[in-house]
Amino acid sequence: MNSARALWPQIILLVVIITVCVFPFYWMVTTSLKTQIVALEAPPVWLFEPTLTNYFEALFEDGVLQTLINSLIIAICTTILSLILGVPAAFALARFEFRGKKDLWFWFITNRMVSPIVLALPFFLIARNLGLLDKHVTLVLIYLTFNLPIVIWIVTDQFRGIPYDLDEAARLEGASQITIMLKICLPLAMPGVAVSAIFSFIFSWNELMYGLILTRTDAKTAPAMAVSFMEGYNLPYGKIMATSTLIVIPVLIFALIASKQLVRGLTMGAVK
Amino acid sequence: MHRQVSRKTIFAFIGPAVIGLAMVGIAPLLYAVWTSLHFYNLTKLKRVEFIGLENYWTVLTDEVFWQAMGRTFFLLGTALPLQIALGLIIALVLHQPGLTLLKTLGRLSLVLPMATTYAVVGLLGQVMFNQKFGVVNQLLGGANINWIGDPNNAFFMIIFWDVWQWTPFVALVLLAGLTMVPIEIEEAARLETKSNWILLRFVQLPFLVPGLVAVLILRTADTLKLFDMVFTLTRGGPGSSTEFISLMIQRVGFRGFDQGLASAQAIILLIITIVLAQLYIRVFYKEV
C-alpha cells in the first residue's frame with residue numbers, strides 16, 4: 001500500500017520529531033561533560049574532550065549528593081505513605097457501597113486541579129509556627145496532596161477490574177474484608193499499585209516550589225539545589241547541567257518503564 | 001454487585017485517607033482564609049490585625065493581579081492550540097502503518113520531554129537560549145537574539161518550552177483515541193474516500209473528542225499552576241512580562257512578605273479554578 005515515495009515525508013517527520021524531543025536532553029548531558037571554559041565558548045562547540053569533573057565537584061564539594069539523598073528519602077516516604085493510606089481507600093471505593101461515595105471520589109480527584117501556591121502560603125506559616133520548616137516530614141506530608149489522589153485513582157480502577165467472584169468465594173470461607181483485600185485483591189492489583197507508586201515517586205522527585213519554600217539546608221531537595229546554582233553572575237553551566245542530569249535520569253528510567261501507563265496517569269481526573 | 005458492609009468497616013478503610021487529605025489539603029485552606037482577612041506581613045509580625053475584606057478589595061481592584069491572570073490565559077490560548085495541532089500531526093503519523101522501528105523510537109522519544117523535571121526544563125532554557133553562549137542562536141546561523149532579557153522573546157521562550165514539554169502528552173492522548181477507532185470502520189471508510197481529511201473529520205474525530213476534552217481541562221489546570229519552569233527560566237521577568245498567576249502570588253507572599261494579600265490572591269485563584277472546573281464539567285460532561 002505504501003510506496004517508497006509516500007514513505008519519505010513520514011520518515012522525515014519522524015526524524016524531526018525524534019530530534020526535537022531528544023536534542024535538549026542531548027545538550028544537557030554533553031554540557032554536563034564540558035569544563036566551564038568549553039561550556040562558555042562562543043559559538044558553542046560540538047566536539048570536545050568529556051570530563052566528569054562537574055559531577056564530582058557538584059556531588060562532593062557543593063553538596064548535591066546530600067540533596068539527592070534528601071529527595072530520595074522524601075519521595076520514598078511519601079510514596080509509601082500514599083500507598084498505605086490510598087490502597088484501602090481505593091478498595092473501599094471499588095468494593096463497598098455507601099452514601100456520599102461519588103462526592104468523596106470527586107473531592108479526592110479534584111485535588112489535582114488546585115494550584116500548589118494556594119496551599120504553599122498557609123503550609124509555610126503553619127510549618128513555621130510548629131517549627132517544621134526545613135524538615136523532611138513537612139514535604140512528605142504536603143506531597144500527599146497530589147500523591148494520594150493519583151494512588152486512589154489508579155488503584156481503584158485496578159480493583160474494579162478484579163472479578164468479584166473471587167471476593168465472594170473467600171467471604172464464604174469466612175475471610176474478613178481486610179484479608180480479602182490483602183490476600184486476594186492486592187496481589188492481583190500489583191501492576192496498578194506499582195504504576196501509581198512510580199507516579200508518586202516521579203511527582204515528588206520533580207517538585208520544586210514546595211521544596212524551595214519549605215526547606216533551607218537540612219532537607220533541601222535536588223531541584224531546589226539546582227536552582228540555587230543560578231544565583232550570581234558567573235553561572236556554572238556544567239555543574240547546573242550535571243545536577244540536572246542526575247535529577248532527570250531516574251525519572252526517565254521510571255517513565256520508560258511505565259510509558260504505557262504514562263498517559264493514563266497524567267489524564268487523571270479528566271477522563272472517566 | 002456491591003455488598004453492604006458496616007459503617008465501621010467502611011470507615012476503617014477510607015477514614016485514614018480522608019483524614020490525611022483533609023489535614024494537608026483542607027486545614028491549610030481554612031488557615032489561608034483566616035490569613036487573607038488579616039494584615040499579615042512577615043516583616044511586621046507584631047502587628048497582625050483583622051482587616052476584614054480589605055485584602056480582597058485590594059486584589060480585585062489591582063491591575064497587576066488581573067494582568068497576571070490575563071497573561072496566564074494568553075499563554076494557555078497560544079500554547080494549547082499549538083500543542084493540539086502538533087500533537088495531532090504526530091499522532092496521525094504514528095498511527096500510520098509501517099516503519100515500525102522508527103515509530104517505536106518516536107514513541108519512546110516522546111517520553112523524554114514529559115519526564116524532564118519542570119525545573120530542569122527552565123535551566124535547560126537558560127543554557128540553550130543564552131544570548132552569547134547558547135546553542136539556539138548558533139543554530140539560527142549566529143544570530144544575536146536576546147531571548148531571556150527581552151520581554152517578548154522571553155514570553156515566546158516560555159511558549160516554546162511549554163509546547164516542547166506538553167505536545168508529546170497531547171500526541172499520546174490523541175494516539176490513544178485513534179487506536180480506539182474500530183479497524184473495520186476505518187477500513188470501510190478508506191474504501192469510500194481517499195481524503196485523509198474526510199477520514200479525520202467524520203471517522204476519527206468522534207473518537208478524539210474525549211481526549212481533547214481531557215487535554216483542555218488538564219492544560220487549563222496546569223497553566224494556572226505553572227511555576228517551576230518559569231521560575232528557573234525567567235523568574236517572571238524581565239519586568240513582569242512572564243509573571244504568571246502562581247509566580248505573582250509567590251512573589252507577593254515570599255519576596256514581598258505580604259502573606260495576607262497573597263492569601264487573598266490565592267483564594268481568588270482557587271475560586272476561579274473551581275468555577276472553571278464546574279464550567280468545564282457542565283459543558284463537556286453533561287451530554288456524555
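Below, all heavy atoms of this structure are taken into account, side chains as well, without hydrogens, waters or symmetry copies. Lettering follows sequence order; numbering is per chain, from 1.
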Residue part contacting chain A, namely of B/Ala176, when any heavy atom lies under 4.5 Å: neither
Which bit of B/Leu216 comes within less than 4.5 Å of chain A, counting heavy atoms only: side chain, backbone, both or neither? neither
With chain A as the partner, which of B/Asp222, B/Ile267, B/Ile274, B/Leu226 has the greatest number of non-hydrogen pairs under 4.5 Å? B/Asp222
Please look at B/Tyr280 and chain A and tell me whether the side chain, the backbone, both or neither of the residue comes under 4.5 angstrom of a heavy atom of that chain. neither
Against chain B, label A/Tyr143 side chain, backbone, both or neither, depending on which of its atoms sit under 4.5 Å from a heavy atom there. neither
When you compare the side chain of A/Val114 with that of B/Thr273, does any pair of heavy atoms fall below 4.5 Å? no
Under a 4.5 Å heavy-atom cut-off, does chain A meet the side chain of B/Leu94, its backbone, both or neither? side chain
Side chain, backbone, both or neither of A/Leu13 within contact of chain B (heavy atoms, under 4.5 Å): side chain
Test B/Asp228 against every option in A/Leu208, A/Leu212, A/Val227 by the side-chain contact (heavy atoms from CB on, under 4.5 Å) rule and name the one that passes. A/Leu208
Test item: A/Leu235 and B/Val127 side chains (from C-beta on) under 4.5 Å apart, heavy atoms: no
Shortest non-hydrogen contact from B/Lys225 to A/Ser115? CG-CA, 3.5 Å
Please step through side-chain contact (heavy atoms from CB on, under 4.5 Å) for the pair A/Leu121 and B/Thr35, ending with a clear verdict. CA-CA 9 Å; A/Leu121 296 161; B/Thr35 315; over 6 Å; no
Below 4.5 Å, heavy atoms only, C-beta onward: do B/Val18 and A/Phe108 meet side chain to side chain? yes
Contact check, side chains of B/Phe13 and A/Leu93, non-hydrogen atoms, under 4.5 Å: no
What option among B/Met23, B/Gln126, B/Lys132 has the most heavy-atom pairs under 4.5 Å with chain A? B/Gln126
Take B/Lys103 and A/Leu14, measure what side-chain contact (heavy atoms from CB on, under 4.5 Å) needs, and give me the verdict at the end. CA-CA 7 Å; B/Lys103 272 168 198 162; A/Leu14 281 166; 3.9 Å; yes
Hey, what do you get for CG (A/Leu252) to CE (B/Met114), rounding to the nearest 0.5 Å? 11.5 Å
Looking only at B/Gly125, B/Gly106, B/Ala266, B/Ala12, the option with the highest number of non-hydrogen pairs under 4.5 Å against chain A is B/Ala266
Check whether B/Asn137 gets within reach of chain A through its side chain, its backbone, both or neither, counting any heavy atom under 4.5 Å. neither
Structural part of A/Phe23 lying under 4.5 Å from a heavy atom of chain B: side chain
By a 4.5 Å heavy-atom criterion (distance strictly below it), what part of B/Arg219 contacts chain A: side chain, backbone, both, or neither? neither
Heavy-atom contact with chain B under 4.5 Å, split by part of A/Ile84: neither
Closest non-hydrogen atom pair, A/Pro24 against B/Leu124: O-CD2, 3.3 Å
Is chain B contacted by the side chain of A/Ala90, its backbone, both, or neither, given a heavy-atom distance below 4.5 Å? neither
Can you name the nearest heavy-atom pair linking B/Ala115 to A/Asn206, along with the distance? O-ND2, 4.1 Å
Considering only heavy atoms, which portion of B/Leu99 lies under 4.5 Å from any heavy atom of chain A: side chain, backbone, both, or neither? side chain
Start with the C-alpha gap between A/Leu85 and B/Ile19, add the side-chain angles, then the distance that decides, and say whether side-chain contact (heavy atoms from CB on, under 4.5 Å) holds. CA-CA 10 Å; A/Leu85 295 175; B/Ile19 294 168; over 6 Å; no
With a 4.5 angstrom heavy-atom cut-off, which part of B/Ile272 approaches chain A: side chain, backbone, both or neither? neither
Within the structure provided, determine whether A/Phe98 and B/Ile14 are in side-chain contact (heavy-atom separation under 4.5 Å). yes
With the side chain counted from C-beta on, respond yes when A/Val20 and B/Thr167 share a heavy-atom pair under 4.5 Å apart, and no when they do not. no
Please classify the contact of A/Met241 with chain B as side chain, backbone, both or neither, using a heavy-atom distance under 4.5 Å. side chain
Chain A shares the most heavy-atom pairs under 4.5 Å, among B/Gln265, B/Gln250, B/Arg107, with B/Gln250
Answer with side chain, backbone, both or neither: which region of A/Thr145 has an atom nearer than 4.5 Å to a non-hydrogen atom of chain B? both
Using a cut-off of under 4.5 Å on heavy-atom pairs, state which of B/Val135, B/Leu102, B/Val111 scores highest against chain A. B/Val135
Okay, B/Leu233 and chain A: the region with an atom under 4.5 Å from a heavy atom over there is neither
Is chain A contacted by the side chain of B/Leu110, its backbone, both, or neither, given a heavy-atom distance below 4.5 Å? both
Under 4.5 Å from any heavy atom of chain A, what part of B/Ala277 do you find: side chain, backbone, both or neither? neither
Compare every heavy atom of A/Ile126 with every heavy atom of B/Pro28, then report the nearest pair and how far apart it is. CA-CD1, 4.1 Å
Are any non-hydrogen side-chain atoms of A/Ile178 and B/Thr9 less than 4.5 angstrom apart? no
Where on B/Leu139 is there a heavy atom nearer than 4.5 Å to chain A: the side chain, the backbone, both, or neither? side chain
Please report whether the ring centroid of B/Tyr31 lies less than 6.0 Å from that of A/Phe123. no
Sort A/Met209 into side chain, backbone, both or neither according to what part of it lies under 4.5 angstrom from a heavy atom of chain B. both
Among the options B/Leu247, B/Leu21, B/Val121, B/Ile249, pick out the one with the most heavy-atom pairs lying under 4.5 Å from chain A. B/Leu21
Go through the steps to decide whether B/Thr116 and A/Val251 satisfy the test side-chain contact (heavy atoms from CB on, under 4.5 Å), and finish with yes or no. CA-CA 7 Å; B/Thr116 309; A/Val251 181; over 6 Å; no
Here the pair of heavy atoms bringing B/Trp164 nearest to A/Cys21 is CZ2-O, 3.5 Å
Please report the interatomic distance CE(A/Met113) to CG(B/Leu276), rounded to the nearest 0.5 Å. 10.5 Å
Heavy-atom proximity to chain B below 4.5 Å, by part of A/Phe229: neither
Looking at every heavy atom in both B/Ser109 and A/Val22, which two are closest together, and how far apart are they? CB-CG2, 3.8 Å
Please tell me if the side chains of B/Gln259 and A/Phe124 come closer than 4.5 Å, counting only heavy atoms from C-beta onward. yes
